[in-house]
Amino acid sequence: MTTLRDITRRATIITTALIVGLTASYAPSQAAEGEARTTITDHPGAPGTMLQRFEDLTGKPVGDLDKVLAVDTGGRNLTGDQLAALAAGKEVDGVKVVGTIPGSRDILGTTMADLADGAYDGKGDSATPTTSLIFASSVPGGRDWCLTMCVASGKSVWECLLSRRTGEPVITLDLGGDTTIGGTKAAFEKANGVTVDGPSAVETLVGDGEPSAKDVEMLLDGKDVDSLRRVATVKGPDPGWALADIAENSGVAYAKTKAHIFTVSVPFLGTLLVVCISQDGGKTWKCSARQWDGF
């Protein structure tokens, strides 16, 4: 299985969208859409066998292993929001994070029991009967994210559930032309609850028609679109510039449709883009960014 053997991890951490709908009990009514389940008897190589089995069951790669969390729920069922909080490094009442283990090739060859004590040390002697394992993985080159949660059932049997999510939610804000670059950044920070660095650069694009939703998605991915052409880039733009004035300050003449792409840096996630588009001469702007969570 190529993707599991070629583990060269980046610092990307899964977003909370991966976890919605999962519970520690794996009740069918609460399970995530598109799930796959499997039961595995613990043995050396069980984590790798489990992930390979999910690839075989779904016919899709589960990606590279980012990290493994061992959590002690005290026997309680967890909601999707609680699991999201745990993955984000936040506290959940009554739940203890036993340990977090960075993903590596070696982890795939160990036992579930070894990981259940929250450390990859070959021991596994301090886990409790209420400890669960969460395997977080991602498929390089795309936005396919997987979360596998395994719960011990008996001494050496683990019941595992895979949830797959594709794409991060896109947040869109309507802003006035007098909104500054700094104000635009602050609005998205408030919407996401995370402070970011930048913008390090702003690009100006112009066009004659209305960009489609697909065009916006492509721009957020850093791709070119037919409806807009890139005409200027300013490094380290003044945060006091108003959205309506960026094009002029960048040396760009009037255009029916204007767009600006801001480059910001999000902790752990790296570089992300904010796309703002105006079709009324800069009076109003529709700004979009993929939801970020810098945990």
List the atom of L243, the atom of F262, and the distance in Å for their closest heavy-atom pair.
CD2-CZ, 3.8 Å
Evaluate the side-chain proximity of I107 to L115: yes if any heavy-atom separation is below 4.5 Å, no if none is.
yes
Flag yes if more than 12 heavy atoms outside D280 fall under 6.0 Å of its CG atom; otherwise flag no.
yes
Start with the C-alpha distance between L65 and L108, add both sets of side-chain angles, then the distance that settles side chain to side chain contact (heavy atoms under 4.5 Å, CB included), and finish with yes or no.
CA-CA 9 Å; L65 186 62; L108 301 177; 4.1 Å; yes
Looking only at side-chain N and O atoms, does T41 offer a donor or acceptor that is under 3.5 Å from a partner on S156?
no
Are K67 and P102 close enough that some pair of their side-chain heavy atoms sits under 4.5 Å apart?
no
Nearest heavy atoms of A116 and V98, plus distance in Å:
O-CG1, 4.3 Å
Indicate yes or no: at least one non-hydrogen side-chain atom of M50 is less than 4.5 angstrom from one of F135.
yes
Where is the tightest heavy-atom contact between K283 and S278, given as atom of each residue plus distance?
N-OG, 4.0 Å
Ion pair R290/E217, N-O distance below 4.0 Å:
yes
Those residues that, when tested against A46, pass side-chain contact (heavy atoms from CB on, under 4.5 Å) (two or more places apart)
I40, D42, H43, M112
NZ/NE/NH1/NH2 to OD/OE distance under 4.0 Å, K256 and D208:
no
Can you confirm whether D174 sits close enough to T284 that some side-chain heavy atom of one is under 4.5 Å from a side-chain heavy atom of the other?
no
Would you indicate whether the side-chain heavy atoms of V71 and T131 approach each other to under 4.5 Å?
no
Given side chains that start at C-beta, do those of Y120 and D114 come closer than 4.5 Å, heavy atoms only?
yes
For residues P47 and T110, report the shortest heavy-atom separation together with the two atoms involved.
CD-O, 2.9 Å
Taking atom CZ as the centre, does R230 end up with more than 12 heavy-atom neighbours from other residues, nucleotides or ligands that are less than 6.0 angstrom away?
yes
Side-chain heavy atoms of F54 within contact of T38, under 4.5 Å:
yes
When you compare the side chain of P237 with that of P199, does any pair of heavy atoms fall below 4.5 Å?
yes
Which atoms form the tightest heavy-atom contact between G209 and T257, and what is the distance?
O-OG1, 2.9 Å
Carboxylate-amine/guanidinium contact K223 D215, below 4.0 Å
no
